[in-house]
Amino acid sequence: MLAVFDVSEVGTGVYRGEHDAGDRAVIDGSQVLAQSIVAATKSCPGKVVRSAHAIFGSAIAAAEPIDLAVEVVRDGRTVATARVVGRQGGRVKTDALVLLDVPQPDVVRRAAALPATKGPDDAIPRAMPLDGRELRLVDVVDENDPAYVGPPVLDAWLRYDAPPARDDLTRALLAHFTGHLSISTTMSPHAGLGTAQSHVSVSTAPMTITVAFHEPVSADGWLLYHHESTQVGAGMSYTRGQIFRESGELLASFTQEAMIRAVDNAAQSIDEKSRL
């Protein structure tokens with residue numbers, strides 16, 4: 001079964017961070033991951049998304065619509081698999097594989113504990129423009145600054161003014177922020193290197209994001225996004241993370257692979273908005 005959805009319901013706001021070089025009118029890959037989660041849920045009624053793995057193969061232009069085509073690979077009694085392909089102008093931009101299921105009673109239950117970190121009241125407010133969202137970083141004033149040097153760990157507290165009531169939109173919202181801070185986390189230990197240099201002297205871009213949701217999920221109150229970069233080299237980095245409620249419940253886990261490379265001079269002839 002193949003279905004194409006209008007993704008406007010999830011929003012198409014463009015994040016323009018302070019580190020952007022000019023006006024790079026592109027959409028976060030994690031936003032399309034969020035939209036893919038909603039599209040897959042609509043294609044498999046009665047089930048919830050448990051995990052999604054997305055590959056971002058090309059920059060996604062904000063000025064053009066993106067079509068999400070959903071192929072339900074398998075829709076069983078309690079488990080389903082769907083593939084969601086995002087295209088612009090006929091070109092594949094994103095490809096996501098989504099696992100859905102019907103949550104079952106516990107056989108056993110265990111989850112990681114909230115990391116020992118400062119709470120939101122002691123964290124530093126950070127401007128990352130998006131209406132209805134408040135962000136605070138633990139012990140970091142500007143995660144983009146090449147002069148900042150710290151461990152490859154970054155804790156971010158996030159709160160939404162009006163979180164959604166629908167389950168699929170809650171999962172989409174949790175997934176959306178998984179792409180924002182992983183590259184900064186990777187660069188933190190390296191003096192003179194920061195995401196303020198992205199698209200100027202360093203090419204950076206999330207290439208894959210995997211998110212796994214744990215039951216139950218919620219977007220109410222303060223959420224802690226705990227990032228830890230465990231490897232960088234050969235032009236790629238790897239970061240793993242967890243999403244907790246302030247009260248300690250583990251809501252989701254995620255990983256990101258990202259490109260961190262020297263700017264290719266040959267690529268300068270390509271329009272900036274089309275570069276990864």
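Sequential numbering from 1 along the given sequence is applied to the chain's residues.
Proximity of Leu173 to Tyr160: side-chain heavy atoms (C-beta onward) are separated by under 4.5 Å at one or more points. Counting heavy atoms from C-beta outward, Leu137 and Glu143 have side chains that approach closer than 4.5 Å. When side chains are defined from C-beta on, Leu223 does not count as touching Phe177, because their heavy atoms never get closer than 4.5 Å. Side-chain contact between Val38 and Leu169: present, with at least one pair of heavy atoms (C-beta onward) separated by less than 4.5 Å. A 4.5 Å side-chain heavy-atom check between Leu68 and Val32 finds at least one atom pair inside the cut-off. Side chains of Phe56 and Met207 form no contact here, defined as non-hydrogen atoms less than 4.5 Å apart. Within the 4.5 Å cutoff, the side chain of Phe254 has no heavy atoms near those of the Leu33 side chain. Residues Val263 and His199 fail the side-chain proximity criterion, which asks for heavy atoms closer than 4.5 Å.
With values rounded to the nearest 0.5 angstrom, Lys118 atom NZ is found 7.0 Å from Ile124 atom CD1.
Judged as a side chain to side chain donor-acceptor pair (under 3.5 Å), and not counting sequence neighbours, Thr178 has no contacts.
Judged by distance alone, the side chain of Glu246 and the main-chain N or O of Gly221 form no donor-acceptor pair under 3.5 Å. Remark: the backbone N or O of Ala59 is paired with a side-chain donor or acceptor of Lys93 at under 3.5 angstrom. The main-chain N or O of Pro103 is never found under 3.5 Å from a side-chain atom of Arg50 such that the two would form a donor-acceptor pair. Looking only at distances, a side-chain donor or acceptor of Arg136 sits under 3.5 Å from a matching main-chain atom of Pro120. Between the side chain of Trp222 and the main chain of Asp121, no donor-acceptor pair closer than 3.5 Å is present. Looking at Arg245, its side chain never comes within 3.5 Å of a backbone N or O of Ser218 through a donor-acceptor pair.
A side-chain contact (heavy atoms from CB on, under 4.5 Å) with Tyr225 holds for exactly one of Leu174, Leu154, Leu135; it is Leu174.
Checked by atom type, the side-chain pair Ser182/Ser237 shows no donor-acceptor distance below 3.5 Å. Looking at Ser253 and His214, their side chains do bring a donor and an acceptor atom within 3.5 Å of each other. Between the side chains of Ser184 and Thr195, a donor-acceptor pair is found at a separation under 3.5 Å.
Aromatic ring pairs are classed by plane angle as parallel below 30°, tilted from 30° to 60° and perpendicular above 60°; the pair His176 and His180 is perpendicular.
Counting only residues at least two apart or on different chains, the salt bridge (charged side-chain N to carboxylate O under 4.0 Å, His left out) pairs with a member in residues 150-164 are Glu134-Arg159. Screening residues 216-231 for salt bridge (charged side-chain N to carboxylate O under 4.0 Å, His left out), with sequence neighbours left out, gives Glu228-Arg240.
At most 12 non-hydrogen atoms from other residues, nucleotides or ligands lie less than 6.0 angstrom from CZ of Arg83.
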